[in-house]
Student: 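Just dropping this structure here.
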Amino acid sequence: MSEDALRKEKMTKIEWWKSQGIEPYGRKFIREPIVSLTAERKGQISIAGRIMTIRRHGKAAFCDVMDQSGKIQIYFKKDILGEVLFERFRNLDVGDIIGIKGELFTTHTGQLTVLVRDFVLLSKIIGTLPEKWHGLKDVEVRYRKRYLDLIMNPQAQKVFETRIKILNLIRDFLNEAGFVEVETPMMHPIPGGAEARPFITHHNALDMDLYLRIAPELYLKKLLVGGMERVYEINRSFRNEGISTLHNPEFTMLELYSAYDDYQEMMKLTEKLICHITQNIFDTEEIDFGDTKINFQSPWKKIYWQDCWKQLGINNWRDVNDVKKAFSDLHLDTEGKQDLFELLDLLFKRAIEPKLIDPTFVIKFPVETSPLAKSWPGEPSMVERFELFIGGLEVANAYSELNDPLEQKKRFEQELQRPSERPKVIDQDYIEALEYGMPPAGGLGIGIDRLVMILTGCNSIRDVILFPLLRPRQ
RNA sequence: GGGCCGUUAGCUCAACAGGCAGAGCAGGGCACUCUUAAUGCCAAGGCUGGAGGUUCGAUUCCUCCACGGCCUACCA
């Protein structure tokens with residue numbers, strides 16, 4: 001039957017309800033969550049939810065009704081309901097939202113069921129729900145009409161429940177640890193704190209271009225200058241780059257800064273934070289990940305970034321020829337890259353990253369790739385920084401924050417010298433803030449979407465974002 | 001941006017090698033007062049994503065377009 005014809009059937013039913021003097025879109029209904037109902041419960045109960053299935057038997061019928069908390073079977077019986085209400089029942093469809101008053105009983109097969117004494121229509125469906133048995137599979141429709149995905153696929157609901165749980169656990173943990181949650185601008189006059197291309201927007205009254213933030217970092221560190229010693233922000237950043245299973249143009253980041261700490265403290269904090277999450281979500285420290293398992297047991301592995309290259313037979317990672325040789329030894333394509341750091345980055349991604357399944361801290365990076373990090377004591381070409389990898393994904397990035405305004409200015413200037421597709425501007429405002437004195441501090445960023453992916457076993461970022469960006473349909 | 005793959009009824013899927021496009025569920029009708037993927041019977045539902053081309057004939061082969069998926073690139 002065509003979509004149009006199905007729609008017409010539903011419209012006819014809406015007319016029927018109206019002809020009975022009943023508004024098919026109801027109002028407030030006092031009810032209790034379905035999950036709270038137990039067999040011991042006596043007397044009248046009141047529930048509401050969506051009809052998921054109807055099994056009609058002439059003068060009686062069983063339905064399954066679902067609310068957010070759960071699902072229960074309900075029983076419509078003509079003897080009990082009388083002519084009028086039973087006729088109304090006959091004009092219900094799968095997908096309608098109703099409120100029910102009745103009492104509990106147990107069927108011959110032992111199933112807890114609500115005997116319906118009275119019911120009201122709260123919302124009449126016009127569309128048609130996907131098939132009850134196979135659910136909604138078309139991934140495109142699942143992303144475009146997430147509401148249908150949530151109605152039909154319990155796994156989808158579960159993923160987003162877990163996502164909320166993770167966010168709440170992070171907030172609990174950080175608040176407990178003396179951090180305060182702050183909100184800094186999403187619209188920046190100069191995009192900073194990361195290396196991505198920004199989205200550009202325009203403010204009419206001020207007649208100025210603004211950039212959706214690519215990271216909140218610089219503003220959060222201004223708060224350190226202001227004397228806020230432990231701050232965090234969990235919110236969206238925006239990067240105008242490609243879309244993939246690991247990238248959505250808007251994504252959620254946790255960034256936190258802790259005065260008088262350093263990257264070592266951030267490492268301890270990260271491990272404690274993520275273990276706090278896993279312990280509260282799973283009973284075990286080992287979780288399934290594809291064909292293998294991730295073991296979250298402390299202490300986590302720590303390796304030096306430099307030592308990764310030794311493993312690949314590179315004696316001097318600053319020697320481009322050594323690095324290129326490693327590519328050919330491993331039968332990897334350099335993809336036309338010439339820049340040392342681009343090559344190292346690619347090699348790391350191809351040869352190292354996929355092997356970092358259990359949580360692993362990679363420590364001490366070259367200064368060229370870390371313009372906002374404090375240098376390694378006695379080794380100005382390296383910085384106090386780590387990245388955390390879990391399940392072969394980069395999950396966190398942290399460093400001892402560079403708080404020397406003169407050094408910071410120099411770093412920004414050096415950055416300008418290096419080739420880049422993106423026009424760069426030195427953020428004088430940030431330098432000026434540092435000139436008022438920022439305490440030494442540790443800073444940490446965690447990609448929340450990726451963390452959720454790992455902890456829910458999803459292999460696309462679109463499965464953990466309620467409404468991922470898609471091209472509009474026609 | 002590049003490569004490969006996909007798009008058939010509202011949903012889930014068929015249709016060998018180019019020969020009238022077929023089920024189940026949902027929807028409609030009838031029967032049925034303990035079913036749970038309820039059951040039985042009946043009828044309906046399609047411009048095969050869009051536009052061209054090849055062919056006597058195209059869901060099937062070719063070209064272009066749209067949307068999506070996977071891989072890849074940019075995202076230190």
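Bear in mind the structure is a predicted one, so any value in this text is a computation, not a measurement.
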Student: Of A/Phe62 and A/Pro371, whose nearest nucleotide on RNA chain B comes first from the 5' end?
Tutor: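 This one resolves to A/Phe62.
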Student: What does A/Lys137 touch in the nucleic acid at a heavy-atom separation under 4.0 angstrom: a base, only the sugar-phosphate, or nothing?
Tutor: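 Sugar-phosphate, no base atom in range.
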Student: Taking atom P in both B/rC25 and B/rA38, what distance in whole Å separates the two?
Tutor: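 Those two atoms are separated by 10 Å.
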Student: Among A/Lys71, A/Arg50, A/Lys132, A/Arg55, exactly one meets salt bridge (Lys or Arg N to Asp or Glu O under 4.0 Å) together with A/Asp64. Which residue is that?
Tutor: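 Output: one option passes, namely A/Arg55.
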Student: Roughly how many Å apart are B/rU7 and B/rA17, using the P atom of each and rounding to a whole number?
Tutor: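 15 Å, rounded to whole Å.
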Student: Give the nucleotide from the list B/rG24, B/rC75, B/rA38 with an atom nearest to the side chain of A/Glu195.
Tutor: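 That would be B/rC75.
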Student: From CG of A/Asp4 over to P of B/rC11, roughly how many Å is that when rounded to an integer?
Tutor: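 Computing the A/Asp4:CG to B/rC11:P distance gives 14 Å.
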Student: Please work out if A/Arg142 contacts a base, only the sugar-phosphate, or nothing of the nucleic acid, heavy-atom cut-off 4.0 Å.
Tutor: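 Nothing: the residue A/Arg142, judged by heavy atoms under 4.0 Å, touches no strand.
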Student: Hey, is A/His108 stacking on B/rC34? Ring centres under 5.5 Å, planes under 30°.
Tutor: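 So yes, this residue stacks on that base, both cut-offs being met.
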Student: Any donor-acceptor pair, under 3.5 Å, between the side chain of A/Gln73 and the base of B/rU35, if you only look at N and O atoms?
Tutor: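 Yes.
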Student: Taking it one step at a time, do A/Arg239 and A/Glu250 satisfy salt bridge (charged side-chain N to carboxylate O under 4.0 Å, His left out)?
Tutor: CA-CA 7 Å; A/Arg239 297 187 181 176; A/Glu250 52 180 299; over 6 Å; no
Student: Assess whether atom NZ of A/Lys302 is packed by more than 12 heavy atoms of other residues, nucleotides or ligands within 6.0 Å.
Tutor: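 Above 12, so yes.
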Student: Taking the P atom in each of B/rG68 and B/rG57, what is the distance between them to the nearest angstrom?
Tutor: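 Looking at atom P only, B/rG68 and B/rG57 are 35 Å apart.
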Student: To the nearest Å, give me how far apart CD1 (A/Ile214) and P (B/rC74) are.
Tutor: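 A/Ile214 atom CD1 is separated from B/rC74 atom P by 17 Å.
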Student: Determine the contact category for A/Gly135: base if any of its heavy atoms lies under 4.0 Å from a base atom, sugar-phosphate if only primed atoms, P, OP1 or OP2 are that close, otherwise nothing.
Tutor: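 Touches sugar-phosphate only.
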Student: For A/Trp133 and A/Leu136, take the nucleotide of RNA chain B holding the closest heavy atom to each; which residue's nucleotide lies nearer the 5' end?
Tutor: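 Result of the comparison: A/Leu136.
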Student: Rounded to whole angstrom, note down the P distance from B/rA31 over to B/rG45.
Tutor: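 Here B/rA31 and B/rG45 have their P atoms 24 Å from each other.
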Student: Does the separation of the ring centres of A/Phe62 and A/Tyr75 fall below 6.0 angstrom?
Tutor: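 So the answer is yes for these two rings.
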Student: Give the ring-plane orientation class for A/Trp305 versus A/Trp317, where under 30° counts as parallel, over 60° as perpendicular and anything between as tilted.
Tutor: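 Geometry flag for A/Trp317 against A/Trp305: perpendicular rings.
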Student: Please indicate whether A/Lys325 has more than 12 foreign heavy atoms, meaning atoms of other residues, nucleotides or ligands, lying under 6.0 Å from its NZ.
Tutor: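 Count not over threshold, so no.
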Student: Grab the two heavy atoms, one from A/Pro354 and one from A/Phe348, that are nearest each other, plus how far apart they are.
Tutor: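 Where A/Pro354 meets A/Phe348 most closely, the heavy atoms are CD-O, 4.4 Å.
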Student: A/Leu470 near the nucleic acid: base, sugar-phosphate alone, or nothing, with a heavy-atom cut-off under 4.0 Å?
Tutor: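 The residue A/Leu470 makes sugar-phosphate contact but no base contact.
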Student: Which nucleotide in the set B/rC34, B/rC75, B/rA26 lies at the smallest distance from any side-chain heavy atom of A/Ala196?
Tutor: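 Selected nucleotide (nearest to the side chain): B/rC75.
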Student: Dump the intermediate steps for ring pair (Phe, Tyr, Trp, His ring centres under 6.0 Å) on A/Tyr211 and A/Phe238, then the final yes or no.
Tutor: CA-CA 9 Å; A/Tyr211 303 88; A/Phe238 306 84; over 10 Å; no
Student: I need the CG-P distance between A/Asn153 and B/rC11, as an integer number of Å.
Tutor: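 Computing the A/Asn153:CG to B/rC11:P distance gives 14 Å.
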Student: If the P atom of B/rA14 is compared with that of B/rA9, how far apart are they to the nearest Å?
Tutor: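 Approximately 12 Å lies between the P atom of B/rA14 and that of B/rA9.
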Student: Should the pair A/Phe386 and A/Phe361 be assigned to parallel (<30°), tilted (30 to 60°) or perpendicular (>60°) ring geometry?
Tutor: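 Plane angle over 60°, so perpendicular.
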Student: Using a 4.0 Å heavy-atom cut-off, does A/Arg385 contact any base of the nucleic acid, only the sugar-phosphate backbone, or nothing at all?
Tutor: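 No contact.
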Student: What's A/Arg55 touching, base or sugar-phosphate or nothing? Going by heavy atoms closer than 4.0 Å.
Tutor: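 Counting heavy atoms under 4.0 Å across all strands, the contact made by A/Arg55 includes a base.
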Student: Over how many whole Å does the gap from A/Glu415 atom CD to B/rA76 atom P extend?
Tutor: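 Those two atoms, CD and P, are 11 Å apart.
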Student: N/O contacts under 3.5 Å, protein versus nucleotides 28-32 of chain B?
Tutor:
unit_1 : atom_1 : unit_2  : atom_2 : d
B/rG28 : OP1    : A/Lys13 : NZ     : 2.6
B/rC32 : N3     : A/Gly58 : N      : 3.1
B/rC32 : N4     : A/Gly58 : N      : 3.2

Student: Given that both pair distances must be under 3.5 Å and the pair must be Watson-Crick or G-U, what runs of three or more consecutive pairs involve RNA chain B?
Tutor: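 B:1-7 with B:66-72, B:10-13 with B:22-25, B:28-31 with B:39-42, B:49-53 with B:61-65 - these are the stems of 3 or more pairs that involve RNA chain B.
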Student: What's the closest nucleotide to the A/Asp345 side chain, out of B/rA26, B/rA76, B/rC74?
Tutor: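 Out of B/rA26, B/rA76, B/rC74, the nucleotide with an atom closest to A/Asp345's side chain is B/rA76.
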Student: Students often get this wrong, so: under 4.0 angstrom with heavy atoms, is A/Thr107 touching a base, only sugar-phosphate, or nothing?
Tutor: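 The answer is base, as A/Thr107 lies within the cut-off (heavy atoms under 4.0 Å) of a base atom.
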Student: Report, as yes or no, whether the 6.0 Å neighbourhood of atom NZ on A/Lys409 holds more than 12 heavy atoms from other residues, nucleotides or ligands.
Tutor: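 For A/Lys409, atom NZ is not crowded (no more than 12 foreign heavy atoms under 6.0 Å).
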Student: Using the C1' atom in both, what is the distance from B/rC62 to B/rC20, to the nearest Å?
Tutor: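 Roughly 25 Å separates the two C1' atoms.
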Student: Which part of the nucleic acid, if any, lies within reach of A/Ala61 when heavy atoms closer than 4.0 Å are counted: base, sugar-phosphate only, or nothing?
Tutor: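 Nothing: the residue A/Ala61, judged by heavy atoms under 4.0 Å, touches no strand.
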Student: Look at the side chain of A/His247 and the base of B/rC75, then say whether one donor and one acceptor between them are separated by less than 3.5 Å.
Tutor: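 Present.
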Student: Please classify the nucleic acid contact of A/Asp138 as base, sugar-phosphate, or nothing, using heavy-atom distances under 4.0 Å.
Tutor: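 If one applies the 4.0 Å heavy-atom cut-off, A/Asp138 turns out to touch the sugar-phosphate alone, with no base involved.
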Student: Using the P atom as the reference point in each nucleotide, state the distance between B/rA51 and B/rG3 in Å, no decimals.
Tutor: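 After rounding to an integer number of Å, I get 25 Å for this pair.
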Student: Looking at every strand, decide which applies to A/Tyr143 at a 4.0 Å heavy-atom threshold: base, sugar-phosphate, or nothing.
Tutor: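 Sugar-phosphate contact only - A/Tyr143 comes under 4.0 Å of backbone atoms but never of a base.
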Student: Given B/rU36, B/rA26, B/rC34, identify the nucleotide with an atom nearest to the side chain of A/Gln111.
Tutor: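 Of all the options, the side chain of A/Gln111 is nearest to B/rU36.
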Student: Measure across A/Tyr257 and A/Glu401 and return the closest heavy-atom pair with its distance rounded to 0.1 Å.
Tutor: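 Here A/Tyr257 and A/Glu401 meet closest at CE2-OE2, 3.1 Å.
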Student: Could you measure between the two C1' atoms, the one in B/rU59 and the one in B/rG6, and give it in whole Å?
Tutor: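 Rounded to whole Å, the distance is 14 Å.
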Student: Could you tell me whether A/Phe251 contacts a base, only the sugar-phosphate backbone, or nothing, with contacts defined as non-hydrogen atoms closer than 4.0 Å?
Tutor: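 The residue A/Phe251 makes no contact with any strand.
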Student: So does A/Ser244 reach the base of B/rU72 with its side chain, donor to acceptor, closer than 3.5 Å?
Tutor: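 It does not, because no donor-acceptor pair links the side chain of A/Ser244 to the base of B/rU72 below 3.5 Å.
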Student: Is the count of non-hydrogen atoms from other residues, nucleotides or ligands lying under 6.0 Å from A/Glu413 atom CD greater than 12?
Tutor: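 Yes, enclosed.
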Student: Counting heavy atoms not belonging to A/Arg56, are there more than 12 under 6.0 Å from its CZ?
Tutor: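 For A/Arg56, atom CZ is crowded (more than 12 foreign heavy atoms under 6.0 Å).
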Student: Give a yes/no answer on whether the side chain of A/Thr245 brings an N or O atom under 4.0 Å of OP1 or OP2 in B/rC71.
Tutor: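 For A/Thr245, the contact criterion (side-chain N or O under 4.0 Å from OP1 or OP2 of B/rC71) is met.
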Student: Give A/Ile74 one of three labels, base, sugar-phosphate or nothing, depending on what nucleic acid heavy atoms sit under 4.0 Å from its own.
Tutor: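 Since no nucleic acid heavy atom lies under 4.0 Å of A/Ile74, the category is nothing.
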Student: Does A/Arg7 have a side-chain nitrogen or oxygen under 4.0 Å from the phosphate oxygens OP1 or OP2 of B/rG27?
Tutor: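 The answer is no; no side-chain N or O of A/Arg7 sits under 4.0 Å from OP1 or OP2.
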Student: Where the side chain of A/Leu6 is concerned, which of B/rA76, B/rG27, B/rU12 is the nearest nucleotide?
Tutor: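 Closest nucleotide among those given: B/rG27.
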Student: Measuring from the side chain of A/Arg239 (C-beta onward, heavy atoms only), which nucleotide among B/rU33, B/rC67, B/rA76 has the closest atom?
Tutor: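 The nucleotide sitting nearest to the side chain is B/rA76.
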Student: When only distance counts, do a donor and an acceptor, one from the side chain of A/Asp79 and one from the base of B/rU33, lie under 3.5 Å apart?
Tutor: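 Indeed there is one.
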Student: According to a strict under-4.0 Å criterion, is A/Arg462 in side-chain N/O contact with OP1 or OP2 of B/rG68?
Tutor: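 No, no such contact exists.
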Student: Kindly check if the number of other-residue, nucleotide or ligand heavy atoms within 6.0 Å of CZ (A/Arg90) is above 12?
Tutor: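 No, because the 6.0 Å sphere around CZ of A/Arg90 holds 12 heavy atoms or fewer from other groups.
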Student: Tell me which nucleotide among B/rC75, B/rA76, B/rA38 gets nearest to the side chain of A/Lys349.
Tutor: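 Nearest to the side chain of A/Lys349 among the choices is B/rC75.
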